[in-house]
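If you read the sequence from its start, that first residue is 1, and numbering goes on from there. Side chains included, hydrogens not; waters and symmetry mates left out as well; all remaining heavy atoms used. Keep in mind that what you see is a predicted model, and the values were worked out from it rather than measured. As the structure lists them, so they are numbered: ligands from 1, and atoms in each ligand from 1.
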Amino acid sequence: MTSTVPRHSRSILGPELPVVREDDPFRREFRLWLTDHLPSDPEPSDPHEKIAFRRRWQRTLFEGGWAGPAWPAEYGGRGAGPLQQFMYYEELALARAPNLANEAGIVLLGPTLMVHGRDDLKERFLPGILSGEEIWSQGFSEPNAGSDLAALRTRARLDRGEWIINGQKIWTSWIHSATWSFVLCRTDPESRRHHGLSMLICELDQPEITTRPIIQMNRDSEFGEVFYDAARVPEDLIVGEPGEGWNVAMTMFQFERADQGFTDHARLLVQLDDMIGEFRRAQRESRMPAPEQSAARLTVAELWVRCQQLRQLNLRAAINAQAGAQVGAAGSMVKLFWSELEQDIAALRARVGWIEGLRDDSEIAYDHLASRATTIYSGTSEIQRNIVAERILGLPR
Ligand SMILES: Cc1cc2nc3c(=O)[nH]c(=O)nc-3n(C[C@H](O)[C@H](O)[C@H](O)COP(=O)(O)OP(=O)(O)OC[C@H]3O[C@@H](n4cnc5c(N)ncnc54)[C@H](O)[C@@H]3O)c2cc1C
């Protein structure tokens with residue numbers, strides 16, 4: 001596979017940063033590999049074809065040892081440190097590489113298994129997560145337990161060596177392609193709130209599980225409802241000990257919230273770069289009314305500065321992680337900052353697009369509508385602000 005997609009000028013990333021230099025050997029090696037291996041065909045829009053395309057791409061990365069560079073080599077990674085990860089995501093964005101098929105597995109379950117999973121679980125599941133052979137989904141939210149996750153009512157009880165799950169999950173992303181789900185259940189019927197929960201690993205292909213897609217406003221049905229009617233899970237497919245599910249889920253949230261910013265400043269900068277090119281063309285061809293032009297110039301400049309702030313936040317997180325610090329509540333700050341920036345960039349792209357006569361089935365329109373969800377998933381902005389107020393600033397509840 002050889003790329004025909006134009007790469008972006010490195011200058012869009014902003015000033016050169018000493019610890020993640022452009023000529024760093026890790027960066028150079030990956031950049032070269034990408035040049036030889038990026039898919040040359042565009043990503044299909046049909047959801048099933050899209051997932052097949054992303055699986056092929058993930059497999060290619062896996063075979064090159066690049067699907068999860070931070071993972072240990074024994075599971076298919078290369079033991080890269082946080083600063084190398086920072087550069088990895090910048091290179092992916094500059095090359096406009098497609099997304100992976102198995103984000104819930106790579107970003108959420110894999111790192112959590114490495115912290116809380118038994119060795120046999122790691123050996124059984126980590127390679128399939130990284131290669132994209134097994135696609136994962138996150139079964140946390142329920143109709144009356146989203147922000148207030150501890151209110152969840154899905155139950156599991158042990159019966160002759162198996163957990164029997166009854167209940168309902170909702171907003172489960174990638175459910176149309178997932179083969180497995182990590183499901184947070186109440187396993188101690190006497191318990192309340194965050195006590196007595198467990199995270200079970202559940203194979204989805206069984207008659208006791210039914211799913212129903214939910215259509216989103218961008219016409220996608222990326223998520224859905226999942227009904228568990230005495231679904232079965234072998235007793236040992238549990239992450240952590242029975243009753244420790246809350247602790248396991250909190251570890252996962254830290255990975256989830258930190259990841260979204262960590263991986264994304266360069267992708268947003270590339271989108272801004274596209275928009276700057278579009279402005280220049282519109283200006284040259286006198287296609288843009290003067291008041292619109294000057295308002296948009298200011299907005300682009302402000303958004304670029306915010307992307308640079310996000311880049312600095314991410315770099316700081318990478319430097320801290322390199323020194324062994326946990327992400328902690330600071331992940332909420334990054335998630336909050338990233339999600340609002342993502343929305344504002346998507347809104348500006350749509351505004352510029354509308355001047356040009358935006359089609360409602362275009363990628364820009366799709367991204368704009370999809371971006372409304374960024375301040376909801378992985379914990380809403382209100383929840384992130386509460387975490388920053390209480391855990392970072394020590395304000396009273
Ligand atoms: C695109 C998308 C993908 C998702 N994917 C998944 C997935 O794969 N797996 C999964 O388990 N879940 C997933 N979710 C669900 C997501 O985690 C929840 O939507 C989110 O946690 C909010 O829960 P809720 O929808 O029940 O809203 P609610 O919790 O009912 O919140 C409603 C409103 O009240 C506010 N609110 C609630 N509590 C407080 C408080 N204490 N203080 C201040 N304000 C508060 C919220 O901020 C929000 O504005 C996804 C959601 C979206 C939009």
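- Counting heavy atoms from C-beta outward, Val233 and Glu162 have side chains that stay 4.5 Å or more apart.
- For Phe30 and His37, the gap between ring centers reaches or exceeds 6.0 Å.
- Listed by first and then second residue, the ring pair (Phe, Tyr, Trp, His ring centres under 6.0 Å) pairs involving residues 110-149 are Phe125-Trp136, Phe125-Trp180, Trp136-Trp180, Phe140-Phe253 (not counting sequence neighbours).
- Near ligand 1, Gln138, Phe140, Ser141, Gly146, Ser147, Trp171, Thr172, Ser173, Phe223, Ala373, Ile376, Tyr377, Thr380, Glu382, Ile383, Asn386 each place a heavy atom less than 4.0 angstrom from the ligand.
- Remark: Asp46 pairs with no residue by the salt bridge (charged side-chain N to carboxylate O under 4.0 Å, His left out) rule, at least two apart or across chains.
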Ser371/Gln343 under side chain to side chain donor-acceptor pair (under 3.5 Å): CA gap, chis, key distance, verdict: CA-CA 5 Å; Ser371 77; Gln343 285 185 350; 5.3 Å; no
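- Annotation: ring pair (Phe, Tyr, Trp, His ring centres under 6.0 Å) contacts involving residues 202-238, sequence neighbours excluded, comprise Trp171-Phe223.
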